Amino acid sequence: MLANSRFRFLSLSFLSLQNRIPIPSSLSFPVASLAMDASTNSTLFLCGKSSAETEIAKSLKINDALKLPNSAQASTILQSDINSFRFGEEPFNVDLFMNSLSTNRFGRFLIWSPRLPSTHDVVSHNFCELPIGAVCVADVQFKGRGRSKNGWESPRGCLMFSFTLQMEDGKIVPLVQYVVSLAVTEAIKDVCDRNGFPCLDVRIKWPNDLYLNGLKVGGILCTSTYKSKKFNVSSGIGLNVGNEKPTTCLNAALKELSSTTNEFRKEDIMASFFNKFEMLYDIFINQGFRTLEELYYRTWLHSGQRVIVQEKNDDRVVENVVTIQGLTSSGYLLAIGDDNQMCELHPDGNSFDFFKGLVRRKLE
């Protein structure tokens with residue numbers, strides 16, 4: 001990060017002068033064929049890696065503790081009863097995930113549902129009932145949430161999961177989404193290495209999107225509430241593993257690079273994510289994000305990107321060219337102008353769109 005006495009703060013929109021990438025502005029999937037609505041009952045399978053998490057699952061079921069928002073109906077089933085049910089196409093393999101998981105905290109308590117309105121709503125709505133690090137994953141999600149209240153509707157082939165964490169320092173809460181993003185990209189690299197796959201160059205588009213070959217394949221959503229002097233953070237990840245619509249997916253890119261029929265498995269990616277996240281998160285908490293900056297900048301899309309800053313001055317819009325340098329301590333974009341003036345760039349809304357090369361400020 002850069003520091004400068006002339007540092008000033010700008011809530012701005014900006015036009016990209018280079019590195020333009022043709023992509024749609026959101027990863028949204030058609031779900032009319034799924035014939036799902038809020039009245040559909042959801043089933044939550046409560047699973048644990050060890051006896052400690054299994055006991056938590058039993059207690060939650062006995063006390064009927066887990067609820068869905070808006071009085072939606074849900075039933076809870078213990079992991080030991082999973083084999084009593086018949087599922088549709090390629091259900092999440094809980095055993096495969098647990099066997100690949102090597103964490104001490106994150107991912108060890110799992111809620112799996114074949115279909116669910118939103119994994120994020122499950123963990124955020126039941127945050128105080130769940131152990132820290134608990135994760136909810138769904139095969140199909142039909143009322144998912146994106147940034148700025150955008151919908152995120154995802155059919156089979158997409159990995160959708162949300163998990164809980166708790167933080168005390170409010171100044172660094174905005175940075176945790178970058179740690180989550182890094183954990184996703186590092187997990188994909190890890191799965192490629194362990195399976196002998198060609199490396200897929202998944203990159204981070206600030207602040208919370210994931211790109212592959214210029215196309216959006218995933219996104220991150222982190223929300224928080226403040227209670228009892230702690231920040232309860234719900235982190236959600238959506239990653240298009242096996243569904244090529246509307247853009248592309250990891251398996252489609254892998255197929256182009258390899259003549260084999262090997263494919264990514266959602267369970268491997270999610271387990272590797274938590275293995276990586278736990279390590280990165282500990283570094284982040286104990287040493288600060290600065291320790292992870294070099295890795296983050298190697299993974300994102302913006303180093304040296306030239307942008308046109310549009311700044312409202314009275315009734316006029318003044319444009320200035322700046323170059324992105326990195327992130328500020330608060331997690332926004334740090335840029336320097338041709339006049340050597342430092343500035344902090346804030347996104348406005350959800351229009352950071354590389355296709356148009358700009359973030360448009362919603363002017364009054």
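One-based numbering along the sequence shown. What you see is a predicted model; the values in this text were computed from it and never measured. In what follows, every heavy atom counts, from backbone to side chain, and hydrogens, waters and symmetry copies are set aside.
Looking at Val321, Thr323, Ile324 one by one, the single match for side chain to side chain contact (heavy atoms under 4.5 Å, CB included) with Val307 turns out to be Ile324. Of the residues listed (Leu96, Asp95, Val94), the one engaging Met98 in a side chain to side chain contact (heavy atoms under 4.5 Å, CB included) is Val94, and it is the only one. The only member of Phe92, Trp112, Phe274 that meets ring pair (Phe, Tyr, Trp, His ring centres under 6.0 Å) when paired with Phe161 is Phe274. Under the side chain to side chain contact (heavy atoms under 4.5 Å, CB included) rule, Val137 has a single partner from Ile111, Leu159, Ile237, which is Leu159.
A donor atom on one side chain and an acceptor atom on the other are found under 3.5 Å apart for Asn63 and Ser59. If you check the side chains of Ser162 and Thr119, you find a donor sitting under 3.5 Å from an acceptor. When only modelled atom types and interatomic distance are considered, Ser330 and Glu344 share a side-chain donor-acceptor pair under 3.5 Å.
The shortest side-chain heavy-atom distance between Val135 and Phe106 does not fall under the 4.5 Å cut-off. A 4.5 Å side-chain heavy-atom check between Asn213 and Thr248 finds every atom pair outside the cut-off. Within the 4.5 Å cutoff, no side-chain heavy atoms of Leu44 are placed close to those of Ser75. Between Leu212 and Cys249, the closest side-chain pair of non-hydrogen atoms is not below 4.5 Å. By the 4.5 Å heavy-atom criterion applied to side chains, Phe284 and Ile172 are counted as neighbours. Looking at Gln177 and Leu221, their side chains never come closer than 4.5 Å, going by heavy atoms from C-beta outward. Side-chain contact between Pro198 and Cys192: absent, with no pair of heavy atoms (C-beta onward) separated by less than 4.5 Å. Counting only heavy atoms from C-beta outward, the side chains of Phe264 and Val191 approach each other to under 4.5 Å.
A donor-acceptor contact shorter than 3.5 Å is absent between the side chain of Trp300 and the backbone of Leu295. Thr103 places no side-chain N or O within donor-acceptor distance of the main-chain N or O of Asn275, the cut-off being under 3.5 Å. The closest donor-acceptor contact from the side chain of Ser224 to the backbone of Asn232 lies at 3.5 Å or more, if one exists at all. Side chain of His302 to main chain of Trp206: a donor-acceptor pair is present (N/O by atom type, distance under 3.5 Å, no hydrogens or angles). Here the side chain of Ser228 pairs no donor or acceptor atom with the backbone of Lys230 at under 3.5 angstrom. In terms of modelled atom types and a separation under 3.5 Å, the side chain of Glu294 and the main chain of Thr291 share no donor-acceptor contact. In this structure a side-chain-to-backbone donor-acceptor pair under 3.5 Å is missing from Asn251 to Glu263. Of the possible polar contacts, none joining the Gln79 side chain to the Thr54 backbone as a donor-acceptor pair under 3.5 Å is found. Between the Lys49 side chain and the Leu101 main chain, a donor and an acceptor come within less than 3.5 Å of each other. A distance-only check finds a donor-acceptor pair linking the side chain of Asp169 to the backbone of Lys171 [under 3.5 Å].
Note that NZ of Lys266 is 7.0 Å distant from CD of Glu90, once rounded to the nearest 0.5 Å. Rounded to the nearest 0.5 angstrom, Thr247 OG1 and Asn243 CG are separated by 9.0 Å. Atom CG of residue Leu254 and atom CG of residue Asn262 lie 7.0 Å apart, to the nearest 0.5 angstrom. Note that CG of Leu292 is 11.0 Å distant from OH of Tyr297, once rounded to the nearest 0.5 Å. Between the CG atom of Leu215 and the CD atom of Glu244 there is a distance of 11.0 Å, given to the nearest 0.5 Å. The CD1 atom of Ile62 lies 9.5 Å from the CG atom of Leu60; values are rounded to the nearest 0.5 Å.
In this structure, Phe87 has its ring center closer than 6.0 angstrom to the ring center of Phe45.
When all heavy atoms are compared, the tightest approach of Ala134 to Leu130 is CB-CB, 4.0 Å. In this structure, Cys222 and Val180 approach most closely via the heavy-atom pair SG-CG2, 4.4 Å. The shortest non-hydrogen separation linking Leu165 to Phe127 is O-CZ, 3.3 Å. In plain terms, the two heavy atoms of Ala65 and Asn126 that are nearest each other are O-OD1, 3.8 Å. Ser181 approaches Ile220 most closely through the heavy-atom pair OG-CG1, 3.4 Å. Considering every non-hydrogen atom in both Pro91 and Glu267, the closest pair reads O-OE2, 3.9 Å.
In terms of hydrophobic clustering, with Ile, Leu, Val, Met, Phe, Trp and Tyr side chains grouped at heavy-atom distances under 4.5 Å, Met167 and Leu175 are assigned to a common cluster. Connection of Tyr226 to Ile132 is not established within any shared hydrophobic cluster, with ILVMFWY side chains joined at heavy-atom distances below 4.5 Å, either directly or through further cluster members.
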- request: Take Cys343 and Leu334, measure what side-chain contact (heavy atoms from CB on, under 4.5 Å) needs, and give me the verdict at the end.
  value: CA-CA 6 Å; Cys343 59; Leu334 178 66; over 6 Å; no
task: Take Leu46 and Ile77 through the side-chain contact (heavy atoms from CB on, under 4.5 Å) test and state the conclusion after the steps.
output: CA-CA 6 Å; Leu46 311 183; Ile77 308 293; over 6 Å; no
field: Steps toward side-chain contact (heavy atoms from CB on, under 4.5 Å) verdict (Cys158, Val241)
entry: CA-CA 5 Å; Cys158 303; Val241 177; over 6 Å; no
- prompt: Given Leu301 and Ile204, is the side-chain contact (heavy atoms from CB on, under 4.5 Å) satisfied, shown in steps?
  reply: CA-CA 6 Å; Leu301 292 166; Ile204 297 168; over 6 Å; no
field: Test log, rule salt bridge (Lys or Arg N to Asp or Glu O under 4.0 Å), inputs Arg306 and Asp338
entry: CA-CA 10 Å; Arg306 298 272 288 174; Asp338 289 345; 2.9 Å; yes
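Salt-bridge check for Asp190 with Arg194: passed, with a basic side-chain N closer than 4.0 Å to an acidic carboxylate O. Asp201 and Arg203 are joined by a salt bridge, as a carboxylate oxygen and a charged side-chain nitrogen come within less than 4.0 angstrom of each other.
Atom CZ of Arg108 has more than 12 heavy atoms from other residues, nucleotides or ligands within 6.0 Å. At most 12 non-hydrogen atoms from other residues, nucleotides or ligands lie less than 6.0 angstrom from NZ of Lys255.
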